[in-house]
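In this chain, residues are counted from 1 in sequence order. First listed ligand is number 1; within each ligand, the first listed atom is number 1.
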Amino acid sequence: MGLDTCVLLSPKMKLVIVESPTKAKTLQKFLGEGYEVLSSKGHLVDLPKKNLGVDVEHDFTPEYDQVPGKKEVITELKKAAAKAEEIFLATDPDREGEAIAWHIKQLIGDHKTKRVAFHEITEEAVKESFLAPREINQQLVDSQQARRVLDRLVGYKLSPLLWKKVRYGLSAGRVQSVAVRLVVDREKERQAFHPEEYWEILAKLSDSGDFEAKLLEKDGVKIAIGSQEDSDRIAAELKKEEYLVSRAEKSERRRHPYPPYTTSTLQQAGVNVLGFSGKRTMRAAQALYEAGLITYHRTDSTVIGEKALEQIRNFIGKNYGSNYLPADAIRYKTKVRLAQEAHEAIRPTKVELTGEKLDVSGDEKKVYELVWRQTVASQMLPAVYEQVSADIQAGSYLFRATGSKLIFDGWERLNRGEEARSLPELKEGEKLKLLELVPSQHFTEPLARYTEATLIKKLEEEGIGRPSTYAPIISTIQDRGYVSKEGRALKPEDAGGIVNDKILVPYFTDVVDLSFTAKMEEGFDEIARGEKNWVELIRGFYGPFSQELEKAEESIDKSSMTTIAETDEKCPDSGHPLVIKLGRYGRFYSCTGFPECKYARPYIEKIGMSCPDCKEGEVIIKKTRRGKNFYGCSRYPDCKFASWKDPRPSKPETPSETPSP
Ligand SMILES: [Zn+2]
Ligand SMILES: [Zn+2]
């Protein structure tokens with residue numbers, strides 16, 4: 001045997017590199033011998049922590065540093081790469097994954113590397129992708145790089161301004177600032193809202209059974225009752241009238257299933273159904289994806305692949321019967337930003353695997369079941385209701401009663417349906433007996449505060465969020481103390497209001513402008529499609545931005561920045577009026593004679609409850625050093641009571657605005 005043949009016969013090792021150890025384990029199972037799967041354990045390089053790391057003078061070239069603690073991983077990867085016959089970079093199938101692959105390629109040397117991408121970690125999908133490896137897509141890398149650099153420029157340039165003018169430790173981010181603005185503006189709308197009184201009158205009527213009807217019209221015109229006097233007068237008239245069924249109609253109504261989940265709708269359902277934050281839902285989804293149980297969880301597509309559709313339809317036919325199966329598969333319309341990324345909705349990889357058969361953690365099981373139900377339900381027939389509507393004439397007044405009855409549950413067999421409201425069989429011309437009139441007082445209500453779910457929905461509608469950004473945006477604005485949660489509702493904190501109203505809106509119009517931010521996001525998409533140069537996008541932003549920055553530096557007067565409200569109180573030391581200001585640890589009273597007069601005292605926000613620990617102090621709202629609210633005892637440091645949760649006995653939570661799927 002010659003030397004040459006000997007080399008040919010030696011074992012050929014193929015190296016596969018992914019970004020997570022769990023994913024590596026799942027992959028190794030499918031690829032078997034001949035492949036070594038290693039993990040980079042996240043990013044290997046990133047922009048530096050301590051300085052800007054972007055050369056604004058030279059085409060915004062990013063200066064990447066090795067991520068601390070990654071030395072060993074890099075050595076291991078390099079060693080394995082040197083021995084490998086072929087190298088496959090199998091990072092996640094999106095722009096961030098493409099960028100990680102690109103960085104790995106540069107670190108281990110520019111040879112023999114191929115890119116493979118798959119949207120589910122199943123044997124079939126993985127093997128298919130290895131049959132068709134490709135080169136790294138530089139457009140996707142550039143798009144990711146542009147986002148990273150732009151976010152870095154905004155964050156690193158704005159934050160020091162906020163430290164100087166408002167409070168040390170504050171920070172501003174590009175998309176986050178728009179999210180804060182939405183929350184701040186909603187709060188202003190709510191404060192400016194004047195509730196108006198109105199009255200409703202229900203009639204309890206009797207036929208073959210009792211039912212309720214609502215007063216709707218007088219003389220054919222919609223009725224508006226604004227006061228108790230009016231309500232009493234109308235009720236007195238109504239008592240004397242005869243009640244006749246003037247119209248009774250039955251109709252059939254279909255409730256269609258929802259499309260399968262995208263990242264945005266999955267996170268909304270996580271909030272509404274499970275009470276999970278977006279971050280928590282995504283953590284569970286990530287684990288499920290890496291274990292090969294669901295398709296990639298960062299997607300804005302509602303498409304289900306043809307093979308999966310067939311499996312889902314078979315499953316429905318076998319388990320629920322063919323009467324639950326539409327004649328054809330249902331194909332949901334989806335917005336495609338980019339052909340390379342036009343992957344699938346979030347769905348289980350094996351539909352036969354129901355939640356109870358899974359051996360995973362609690363959160364993962366719950367999220368899996370959400371995904372499973374939504375996917376299967378999305379391919380089932382609509383639910384059918386019999387809808388009954390009846391008009392009841394009482395003199396010149398008109399009441400309406402409605403009822404509905406489920407005839408066929410369809411997809412609602414898997415997901416919560418509507419509550420049925422029964423109505424007796426009513427015939428036109430029939431006379432009814434009035435049992436009781438029930439007037440009730442109401443007030444018009446302002447728009448509800450955003451919840452995490454409705455804010456994600458809004459960001460998506462405005463074209464501001466992307467599958468990879470919803471959860472980080474929402475958690476960042478809370479971590480930074482700009483927004484806090486009351487139950488499920490998001491409300492602005494003082495720091496959020498000040499930074500938005502006094503700095504960002506007046507001085508950085510574009511940064512907090514919804515359509516401008518949406519345009520930047522589109523710009524990233526254009527870069528990914530190869531229609532735009534990333535440096536030009538950044539340059540177009542950075543020129544005006546640095547001018548705004550200079551102007552803000554010069555014109556913002558620090559002393560007026562942190563004043564939240566004036567008071568009627570006079571300073572006990574100097575007699576000057578006192579104001580409420582925002583300090584390092586929240587609000588405090590300050591003398592307008594400052595700096596000559598140093599009088600100040602803490603602003604204590606009581607919640608009207610004595611301390612559950614010591615029973616002597618009062619529970620007050622306090623702030624952490626990072627500006628996050630918590631509940632503490634007024635006797636601190638004698639009493640150490642502290643809680644993130646509102647200790648008051650269960651306050652009603654804000655009902656969600658989105659229908660829970
Ligand atoms: Zn004073
Ligand atoms: Zn206490």
Side-chain angles (χ1 to χ4, degrees), residues 161-170 275 277 478-503 506 554-654:
L161 179 78
L162 301 183
W163 301 345
K164 254 186 277 174
K165 307 291 187 185
V166 186
R167 181 170 86 190
Y168 184 78
L170 285 175
S277 66
Q478 294 174 66
D479 293 345
R480 288 180 177 171
Y482 288 141
V483 163
S484 65
K485 253 195 242 173
E486 200 177 276
R488 284 185 187 178
L490 297 170
K491 65 174 185 96
E493 287 294 318
D494 290 336
I498 288 175
V499 169
N500 182 70
D501 294 347
K502 297 191 178 179
I503 297 189
E554 283 165 20
S555 23
I556 293 175
D557 163 32
K558 180 181 166 126
S559 63
S560 68
M561 272 304 116
T562 50
T563 303
I564 295 164
E566 290 170 2
T567 72
D568 297 332
E569 238 184 289
K570 294 269 177 295
C571 173
D573 292 353
S574 68
H576 290 100
L578 291 184
V579 288
I580 298 170
K581 299 196 88 167
L582 178 67
R584 188 79 184 83
Y585 302 106
R587 294 179 172 195
F588 68 101
Y589 287 95
S590 167
C591 178
T592 44
F594 184 85
E596 284 75 36
C597 174
K598 301 270 190 295
Y599 177 84
R601 73 163 197 272
Y603 176 95
I604 291 167
E605 201 175 339
K606 297 175 181 170
I607 66 166
M609 178 187 167
S610 55
C611 171
D613 280 6
C614 68
K615 316 275 188 256
E616 273 178 56
E618 278 201 69
V619 177
I620 56 173
I621 297 178
K622 303 179 77 173
K623 274 191 173 29
T624 64
R625 292 173 55 175
R626 301 194 59 190
K628 214 175 158 185
N629 279 354
F630 71 99
Y631 298 88
C633 178
S634 58
R635 288 183 57 245
Y636 182 86
D638 290 339
C639 172
K640 301 265 190 302
F641 168 77
S643 160
W644 290 117
K645 272 197 153 161
D646 192 329
R648 281 172 284 194
S650 67
K651 285 208 315 184
E653 290 202 339
T654 320

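Ring geometry, Trp644 versus Phe630: the interplanar angle exceeds 60°, so the pair is classed perpendicular (tilted spans 30 to 60°).
For the residue pair Ser484 / Glu493, a side-chain donor-acceptor distance below 3.5 Å is found, with atom types taken as modelled.
In plain terms, the two heavy atoms of Thr562 and Ile498 that are nearest each other are CA-CD1, 4.1 Å. Here the closest heavy-atom approach between residue Cys614 and residue Gly617 is recorded as SG-N, 3.3 Å. Thr563 approaches Lys502 most closely through the heavy-atom pair O-NZ, 2.8 Å. In terms of heavy atoms, Pro612 sits closest to Val619 at CD-CG2, 3.7 Å.
Excluding waters, the set of protein N, O or S atoms lying under 2.8 Å from the Zn ion (ligand 1) comprises Cys571 SG, Ser574 OG, Cys591 SG, Cys597 SG.
Seen from the Zn ion (ligand 2), atom SG on Cys633 and atom SG on Cys639 lie at an angle near 110° (rounded to 10 degrees).
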